[in-house]
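Below you'll find the structure, written out as structure tokens, and then a few comments.
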Amino acid sequence: MTRILIGVWCAWILLAKAGDLLGDEPQPMDYAIVIHGGAGDDPAELSEEARVARTTALREALELGVEVLKGGGTSLDAVEKVIRHLEDEPQFNAGRGAVFNADGGHELDASIMDGRDRACGAVAGVRTVKNPISLARLVMTKTRHVLLASEGADRFAKEMGVELVPQDYFSTPFQRERLNRAKQAENSAKTDAHMGTVGCAALDRHGNLAAGTSTGGLTNKRFGRIGDSPIIGAGTYADNTTCAVSCTGVGELFIRNAIAYDISARMAYQNASLEDAVAHVIQKTLPKDSGGVIAVDRHGKIVMDFNTAGMARAAADSQGRFTVSLSAKE
Ligand code: ASP
């Protein structure tokens with residue numbers, strides 16, 4: 001009798017497993033992660049070398065994030081790790097490759113948010129911090145504030161013992177060339193295409209969402225200008241009941257329209273899907289050529305949308321998705 005029962009039990013397990021493998025039952029998403037490396041330029045206009053470098057950096061960053069999430073790590077850790085990696089890559093406008101402001105200097109912005117309790121931290125206009133995303137996280141965990149700016153943020157960095165660098169650490173020939181072009185075009189209507197801000201949103205195995213964004217801002221920006229990336233609700237937002245969002249584009253427009261929060265609010269108040277909420281802000285709220293959004297909802301659904309020629313992006317999840325792309329929408 002016992003043998004029969006064990007036999008039936010084994011057969012039942014095998015059938016259930018086979019059903020899973022054949023996809024009878026939609027499996028809940030264990031984890032999901034999405035990354036952007038900035039919206040703007042048509043990737044076809046980039047050199048082959050730049051395209052390969054960006055694609056490789058995005059793939060490596062995605063692998064790092066997946067490793068954290070697969071191992072049961074938190075979405076916050078995945079977001080910070082991914083963004084730190086991209087901040088160290090010179091081809092993105094964040095950390096090492098930050099754009100020049102109009103004075104020929106660099107001021108960096110970053111923010112991070114925890115979807116569990118909407119805890120968040122941000123830094124704006126920092127000038128000496130190698131990895132602004134980690135300083136933003138320290139603002140969240142070590143102070144009672146949300147946003148520290150300029151000298152105060154740099155002083156906090158020193159107190160926290162994070163890695164400091166001289167301004168010329170951030171000066172790359174690529175960005176100097178962009179500043180020169182932007183200066184020449186100053187009196188014409190043409191603006192330099194924004195590109196290279198980085199961001200990440202993730203869902204972990206514990207059901208927690210997190211998002212973060214890091215940038216050097218806009219080329220040739222006024223000294224002291226702060227964009228949307230360090231503004232919670234504009235460039236970054238995360239709430240376990242809705243979604244995690246990171247934005248890229250013309251920061252002033254994202255601030256005016258509280259884009260990241262608006263996506264979450266549409267889901268909370270209107271019961272909109274993540275896809276519809278993002279499509280609304282990209283197609284209706286924002287003017288054409290102003291930027292893009294990456295987001296993940298609490299079920300692990302990933303959305304990447306933009307109204308520019310291209311957006312560098314990458315996504316992976318526990319069901320085997322792993323994609324990297326720079327181009328226009330597939
Ligand atoms: N949103 C950033 C800013 O306005 C720039 C970008 O995403 O390219 O500072």
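Indexing begins at 1, ligand by ligand and atom by atom, following the structure's order.
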For Thr197, take its heavy atoms, then give the atoms of ligand 1 lying under 4.0 Å from any of them. 2 (C), 5 (C), 6 (C), 7 (O), 8 (O)
If you count heavy atoms of other groups shown closer than 6.0 angstrom to CZ of Arg176, is the number above 12? no
For Thr248, atoms of ligand 1 separated by under 4.0 Å from a heavy atom: 6 (C), 7 (O), 8 (O)
Quick check: Gly251 and ligand 1, any N/O pair under 3.5 Å apart? yes
What I want to check is whether the side chains of Arg266 and His280 have a donor and an acceptor closer together than 3.5 Å. yes
For ligand 1, is there an N or O atom under 3.5 Å from any N or O atom of Glu252? no
Check: Thr236/Thr213 side-chain N/O donor and acceptor closer than 3.5 Å: yes
N/O of Asp109 under 3.5 Å from N/O of ligand 1, yes or no? no
Looking just at side-chain N and O atoms, do Asn131 and Asp88 make a donor-acceptor pair shorter than 3.5 Å? yes
Does Gly249 come within less than 4.0 Å of ligand 1, judged by its heavy atoms? yes
Please say whether the positively charged group of Arg96, taken as NZ for Lys or CZ for Arg, lies over the ring of Tyr169, i.e. under 6.0 angstrom from the six-membered ring centre and within 45 degrees of the axis. yes
Nearest candidate to atom 1 (N) of ligand 1, where distance is taken over non-hydrogen atoms, out of Asp228, Leu253, Val250: Asp228
The residue among Arg205, Arg137, Arg84 that forms salt bridge (Lys or Arg N to Asp or Glu O under 4.0 Å) with Asp77 is Arg137
How does Arg225 reach ligand 1, by side chain, by backbone, by both or by neither, if only non-hydrogen atoms under 4.0 Å count? side chain
